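As the structure lists them, so they are numbered: ligands from 1, and atoms in each ligand from 1. Each residue takes its place number in the sequence, starting with 1. What you see is a predicted model, and the numbers here were worked out from it, not measured in a lab.
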Amino acid sequence: MSTEKKLFATLQGEEIYLYTITNKSGASVTLQTLGAGVHALCVPDRNGALADVVLGFDKAEDYINPDYGYQGLAVGRWANRIRDGKFTFEGVEYTTPQNQGTWTLHGGGRFSFTNWDVEETGDDFVIFSRFSPDGEDGFPGNFTMKIKYTFTEDNTLRIEYTVLSDKNTVANPTNHSYFNLSGNDGETVEEHKLMILADYFTETDESQLATGELGEVKGTMMDFTTLHKIGDRINEPFRACIGDVGYDNNYCLRNKDGEFALAAVLEHEGSGRKMEVFTDLPGIQLYCGGWLKRDYTTGKGTSLVTYRRGVALETQFYPDALNIDSFPLWTVKANEEFKTTTEFRFSIV
Ligand code: BGC
C-alpha cells in the first residue's frame, strides 16, 4: 500500500490536495481535502481492467456548487432534510439554514464545501478533520469531525467518522459519492442491479419531507429486497417519488441498534463489478441522480455528470429524525467520542 499527495487546484486562495491510496493490485482511491471527499475510486472489472466508479469533476469549483449534487463529498453536520429548518434538542429550539424551500438540506451551510485539514496519513489511510464552532449553521457545540478513510488490499473503502463536541449535540454524517460501476462514460445506472436490506422506507410528503410514517416496500417499486435492475420500475408513478426524479428515498435498514451489517449490494453485469455497502447506521438514502441536469456534461475527463448517471447510497439516520421521535437516533454526548462506520467493499460478480 502507498499514499501519494498532489496539488489538485487553488480555489479561493486555498490549496486543494488529492491523496491517492493504491494497493498491491493497483486499485486506488483518491481523496480530496475539499469537502473531505472521494475524488476517484479505481477498481477492476472481471478482466482486471481498472475504471473510476465514482462521478466527479476536473474543475475544483464544480464541487462547491450545491446544484451539482455534493459529488463525493462528506456531508454534515446533519445529512438530508430538517423540516422548517428547526428542531428541538434537550428542550432548546435550534434554527438551521433553509437552503432548500423551507427546509434544511445537508446541514444547510458550508460544511461540505470547505477545505478540510489533514490530520494524519499512512500507507493505507488519510484522516481529515474539520472544526465547526458552536452555533455554526445553528447546531450546538464546538464540534470536530474526523473522517478516516482506509483502503485495503481487498478493495474495501472504510469510512470512519468520529465526532467530539464540548456540548451534547447531534450528528448525521454521510458520504455523497455517486457510483457507476460500468466504467462507461455515458451509461446511466438503470442497468445496475441493486438490493437493499430493508422492508420499510420513510414515507414523504410532496416536498420530500418525512411524515414520520413508515411504508412497506412489499408490492411496490420501492422493493429492493431481491437483487434486480434499478431501471425495472424507476419510472413508475409512486406517492413517495417526485415526477421523473425516480428514487430519492430513505430505506429503514434491517440492522438493529448500531449493528454493523450489510445494507446494500450494487452490481453491474456488463463489467462484473460489484459493491457491497456495510454500515452501523439505521438508514440509507437511495438517490439515483434524478435531480442532476440532463445537459450538464463536464465531469472528469469524458465522464458525464448528468441525469441518472450515478447512484448515491448515503448511510444515515432517517431524514428529520431530529423532529420525529419514533425514528432511531443516538446523539453526541459532551466530551465523548461519537463514532460511526460505513464500508464500500468492491469485488467481482
Ligand atoms: C438528496 C437529494 C439531493 C441530493 C444532492 C440527496 O441526499 O436526497 O434530494 O438532490 O442529495 O443534494
Can you classify the ring geometry of Y70 versus H106 as parallel (below 30°), tilted (30 to 60°) or perpendicular (above 60°)?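 Because their plane-to-plane angle is over 60°, the rings of Y70 and H106 count as perpendicular.
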Would you say that V29 contacts F344 through its side chain, given a criterion of any heavy-atom pair below 4.5 Å between the two side chains? no
Side chains of I21 and D123 in contact at under 4.5 Å (non-hydrogen atoms): no
Can you find an N or O of Q285 that's nearer than 3.5 Å to an N or O of ligand 1? yes
May I ask you to establish whether K5 and Y17 are in a cation-pi arrangement, using a distance under 6.0 Å from NZ or CZ to the six-membered ring centre and at most 45° from the ring axis?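 Yes, K5 sits over the ring of Y17.
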cation_pi(R77, F143) dist<6.0 Å, angle<=45: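 Yes, R77 and F143 form such a contact.
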Atoms of ligand 1 close to [X] [distance to a heavy atom under 4.0 angstrom, numbered from 1]:
X    : answer
R81  : 1 (C), 2 (C), 8 (O), 9 (O)
W291 : 9 (O), 10 (O)
D248 : 1 (C), 2 (C), 8 (O), 9 (O)
E314 : 6 (C), 7 (O)
L105 : 12 (O)
Y70  : 12 (O)

Side chain, backbone, both or neither: which part of Y178 has a heavy atom under 4.0 Å from ligand 1? side chain
Top protein contact for atom 11 (O) of ligand 1, by heavy-atom distance: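 Closest protein heavy atom to atom 11 (O) of ligand 1: H176 NE2, 2.7 Å.
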Result of checking N65, V54, L292 against Q71 for side chain to side chain contact (heavy atoms under 4.5 Å, CB included): L292
Run the side chain to side chain contact (heavy atoms under 4.5 Å, CB included) check on T20 and T22 step by step: do they pass? CA-CA 6 Å; T20 300; T22 308; 3.7 Å; yes
